[in-house]
Amino acid sequence: MLAKPNKTVIEGTVRGITPASGGQGHEIEIEVHRNLSRGRSDDFIQPTQGQSLHLFAAQTPDVVIGDRVRVEARLLAGPFGERTVLEQLDPLSDQA
């Protein structure tokens, strides 16, 4: 269930990738370097620099620990809790 349309965009470093506890998908940990959506009212997650952001990914991510990435995520919420879900993950060049 989507509580309200929302979107968070960050740049960061992949710090962990583990199978999700439910047996499907993966949990990805991203260390936040920059919040590119800072100040936007539709950024429900509002991560800050240095924070670890834990995201659920339905598909196996095409990155490894240590990769710098740009992430689009959203917060899904319902009667049984909430989940931060990965929408898009793009590797960044090392020159950026």
Side-chain angles (χ1 to χ4, degrees):
M1 173 189 301
L2 187 61
K4 175 183 169 190
N6 66 89
K7 181 179 183 179
T8 300
V9 181
I10 64 161
E11 287 180 0
T13 301
V14 177
R15 294 295 179 211
I17 302 172
T18 57
S21 59
Q24 290 185 312
H26 290 79
E27 296 291 335
I28 302 172
E29 180 182 355
I30 306 290
E31 178 185 345
V32 178
H33 296 287
R34 294 191 318 157
N35 181 346
L36 303 174
S37 56
R38 180 176 302 247
R40 289 181 35 186
S41 63
D42 66 344
D43 178 3
F44 286 11
I45 303 167
Q46 298 185 5
T48 58
Q49 182 178 0
Q51 177 181 349
S52 283
L53 186 60
H54 296 267
L55 306 166
F56 171 79
Q59 303 295 322
T60 303
D62 192 20
V63 293
V64 296
I65 294 171
D67 283 355
R68 292 182 55 239
V69 293
R70 181 181 183 276
V71 172
E72 292 182 18
R74 69 179 55 225
L75 184 66
L76 298 181
F80 303 107
E82 61 187 38
R83 176 180 256 181
T84 306
V85 177
L86 176 71
E87 294 284 311
Q88 184 170 338
L89 183 137
D90 298 309
L92 294 174
S93 114
D94 287 333
Q95 268 79 53

Nearest-0.5 Å distance, CG of residue Asn6 to CD1 of residue Ile45: 6.5 Å
Result of checking Ile30, Leu36, Val32 against Glu11 for side-chain contact (heavy atoms from CB on, under 4.5 Å): Leu36
Closest non-hydrogen atom pair between Ser37 and Thr8, with its separation: OG-CA, 3.7 Å
Matching residue for Asn35 among Val9, Asp43, Thr48 - test: side-chain contact (heavy atoms from CB on, under 4.5 Å): Asp43
Neighbour count >12 (heavy atoms, 6.0 Å) for atom CD, Gln49: no
Given Ile28, Val71, Ile10, Leu86, the one that forms side-chain contact (heavy atoms from CB on, under 4.5 Å) with Leu53: Ile10
Gln46 atom CD, neighbour heavy-atom count above 12 within 6.0 Å: yes
Gap separating the CG atom of Leu75 from the CD atom of Glu82, nearest 0.5 angstrom: 4.5 Å
Side chain Arg74, main chain Val85, donor-acceptor under 3.5 Å: no
Test salt bridge (charged side-chain N to carboxylate O under 4.0 Å, His left out) applied to Arg70 and Glu72, step by step: CA-CA 7 Å; Arg70 181 181 183 276; Glu72 292 182 18; 3.0 Å; yes
Heavy-atom pair of closest approach, residues Ile65 and Arg15: CG2-O, 4.0 Å
4.5 Å side-chain heavy-atom contact, His54 and Thr84: no
Where Ser52 and Glu29 come nearest, the two heavy atoms and their spacing: OG-OE2, 2.9 Å
Shared hydrophobic cluster for Val69 and Phe56 (ILVMFWY, side-chain gaps under 4.5 Å): no
Sub-4.5 Å side-chain heavy-atom contact between Val64 and Val14: no
Atom CD of Gln24 with >12 non-hydrogen neighbours under 6.0 angstrom: no
Residues Thr13 and His33: side-chain donor-acceptor under 3.5 angstrom: yes
